[in-house]
Undergrad: 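Have a look at this one.
The chains referred to below are lettered A, B, ... by the order of the sequence lines, with proteins before strands, and numbering in each begins at 1.
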Amino acid sequence: MPEGHTIHRAARLQRRRFAGARLSVDSPQGRFGSGADVLDGRVLEDVDALGKHLFYRWEDEVTLHVHLGLFGKFGIWSKGAPPPTEGTRMRWIGEPGVLHLAGPTACDLMEPHEEEAVRARLGPDPLAVRPGDPERFAAALRRRKIPVAQALLDQKVIAGIGNVYRAEFCFLAGIDPRRPADEVSADDADLLWRLAVAHLTVGERIGRIVTVDPAEAGVDRWRDVPRSDRLYAYKRDDRACRRCGDHIRRTELAKRRVWWCPTCQPD
DNA sequence: GCTGCATGATGAA
DNA sequence: TCATCCTGCAGCA
């Protein structure tokens, strides 16, 4: 299940494995049938990620756009791939292995102007940093009158953050998630950006979300933090805050749950 | 077997 | 703000 780190990691691993290969492409489910026909037998040249979007470059300037949404999932096998299921939207078969894609929100061929429209809707991506991005993020965030945790899910404010990271970054920054974004200080906005860059980078490397510092969990490496110790706030209703012992609270903002520590994250 | 839920996003009202 | 779409799985009968 995907926030930006999952997508950038998928791009990196799929590029490494499949770029340069000629692939047989089909849609066992049928819902990507005509697109699969276009890709079938072409060489995959490169894979790009921006925010939660993937762009696959195929020979002859053909671009495939994939967005996993809430449920989308890749399966990749070197050998012994299982048969596709009802949900297998797209399948690749080639010398490097087999890939299945199930449940994506988007899996479509894209013209350059359509890709441009997608990119134009996205704010700065902490895993694809460009000059001026911290300032762009701070300005976009502090312009909004909605709760800061809600603004952090707006992909135009920052691309690639999801429900887990937003709760964790508010915790680490010591900000009540309900605080209006336009009341977040410039320093705090800068801190949120730096947290996003640092933690999504870790997540991309190790393939999971860990925000609890390894030292705090008594281990040496991010990847060694035990499952139950990886997060400070997300889904920790009524558990004791790891820092202060107060009870983690839960609320809903725009139909998404968010968790916080009332002591560590004052209003 | 059914229900509800999940790291997401959109378009209509 | 709401309905809708995408899939799989845990928890329950």
Side-chain angles (χ1 to χ4, degrees), chain A residues 1-11 27-33 35 49-55 64-75 82-91 99-108 110 114-115 117-123 125-127 144-147 149-172 177 195-196 199-212 222 225 227-228 230-237 248 250-260:
Chain A
M1 299 180 191
E3 298 196 20
H5 69 296
T6 306
I7 303 308
H8 281 266
R9 180 180 172 86
S27 178
Q29 177 192 59
R31 296 186 49 189
F32 181 54
L50 187 65
K52 298 172 187 170
H53 297 258
L54 286 159
F55 300 97
L64 166 69
H65 171 239
V66 169
H67 190 293
L68 294 181
L70 196 48
F71 316 130
K73 212 172 208 165
F74 291 108
T85 67
E86 277 295 291
T88 307
R89 180 81 58 89
M90 176 177 73
R91 173 172 62 167
L99 174 147
H100 290 183
L101 170 62
T105 285
C107 174
D108 295 296
M110 238 180 202
E114 296 173 300
E115 177 175 343
V118 169
R119 289 176 176 272
R121 295 203 297 270
L122 298 176
D125 178 344
L127 291 179
R144 308 298 305 271
K145 297 188 185 305
I146 58 179
Q150 193 179 331
L152 288 172
L153 282 190
D154 182 341
Q155 302 299 299
K156 186 138 197 173
V157 170
I158 183 169
I161 302 303
N163 206 25
V164 180
Y165 277 128
R166 72 149 174 186
E168 297 298 300
F169 297 163
C170 286
F171 178 90
L172 289 166
L195 287 167
H199 286 281
L200 269 77
T201 300
V202 169
E204 196 276 342
R205 286 290 148 207
I206 69 177
R208 62 176 84 108
I209 301 179
V210 178
T211 55
V212 173
W222 290 96
V225 176
R227 174 182 294 275
S228 59
R230 289 177 189 159
L231 304 172
Y232 286 104
Y234 178 78
K235 272 194 181 172
R236 299 197 73 244
D237 320 39
I248 299 293
R250 181 183 89 194
T251 190
E252 238 174 55
L253 297 174
K255 293 285 125 193
R256 305 298 302 278
R257 290 177 176 186
V258 65
W259 293 261
W260 81 103

Undergrad: Check this one for me: any side-chain N or O of A/Tyr234 less than 4.0 Å away from OP1 or OP2 of B/dT7?
TA: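 For B/dT7, OP1 or OP2 has a side-chain N or O of A/Tyr234 closer than 4.0 Å.
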Undergrad: Using a cut-off of 4.0 Å on non-hydrogen atoms, how would the nucleic acid contact of A/Ile209 be classed: base, sugar-phosphate, or nothing?
TA: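 Base contact.
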Undergrad: Is any side-chain nitrogen or oxygen of A/Gln29 closer than 4.0 Å to OP1 or OP2 of C/dT7?
TA: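 So the side chain of A/Gln29 is within the cut-off, an N or O lying under 4.0 Å from OP1 or OP2 of C/dT7.
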Undergrad: Within the pair A/Arg257 and B/dT7, is there a side-chain N or O less than 4.0 Å away from OP1 or OP2?
TA: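 The answer is no; no side-chain N or O of A/Arg257 sits under 4.0 Å from OP1 or OP2.
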Undergrad: Rounding to an integer number of angstrom, what distance separates C/dA3 and B/dG4 when you compare their P atoms?
TA: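 To the nearest whole Å, 15 Å.
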Undergrad: Contact class for A/Glu168 (heavy atom, under 4.0 Å): base, sugar-phosphate, or nothing?
TA: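 Touches nothing.
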Undergrad: Just checking A/Gln155: base, sugar-phosphate only, or nothing, at a heavy-atom cut-off of under 4.0 Å?
TA: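 Sugar-phosphate: the residue A/Gln155, judged by heavy atoms under 4.0 Å, touches backbone atoms but no base.
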Undergrad: Examine A/Arg236 relative to A/Phe171 and say whether NZ or CZ is less than 6.0 Å from the centre of the six-membered ring and inside a 45° cone about the ring axis.
TA: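 No cation-pi geometry.
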Undergrad: Reckon A/Lys73 touches a base, only the sugar-phosphate, or nothing at all at heavy-atom distances under 4.0 Å?
TA: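 Touches nothing.
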Undergrad: When rounded to the nearest Å, what value does the distance between C1' atoms of C/dC9 and B/dA9 take?
TA: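 Their C1' atoms lie roughly 22 Å apart.
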Undergrad: Within the pair A/His67 and B/dG8, is there a side-chain N or O less than 4.0 Å away from OP1 or OP2?
TA: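 A/His67 to B/dG8 OP1/OP2: no side-chain N or O under 4.0 Å.
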Undergrad: Quick check on C/dC6: is either OP1 or OP2 less than 4.0 Å from any side-chain nitrogen or oxygen of A/Arg31?
TA: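 Affirmative; the distance criterion is met.
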Undergrad: Determine the contact category for A/Lys235: base if any of its heavy atoms lies under 4.0 Å from a base atom, sugar-phosphate if only primed atoms, P, OP1 or OP2 are that close, otherwise nothing.
TA: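 It contacts sugar-phosphate atoms only.
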Undergrad: Has A/Phe71 got its ring stacked on C/dC6, by the test of a centre gap below 5.5 Å and a plane angle below 30°?
TA: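 By the stated criterion, A/Phe71 and C/dC6 do not stack.
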Undergrad: In Å and rounded to the nearest 0.5 Å, what is the CZ to CG distance from A/Arg9 to A/Leu127?
TA: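 Result: 12.0 Å between the selected atoms.
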Undergrad: Please tell me if A/Arg121 has a side-chain N or O lying less than 4.0 Å from either OP1 or OP2 of B/dT10.
TA: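 Answer yes for this pair, as a side-chain N or O of A/Arg121 is under 4.0 Å from OP1 or OP2.
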Undergrad: Could you tell me whether the phosphate oxygens of C/dT1, OP1 or OP2, come under 4.0 Å of any side-chain nitrogen or oxygen in A/Lys255?
TA: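 No, outside the criterion.
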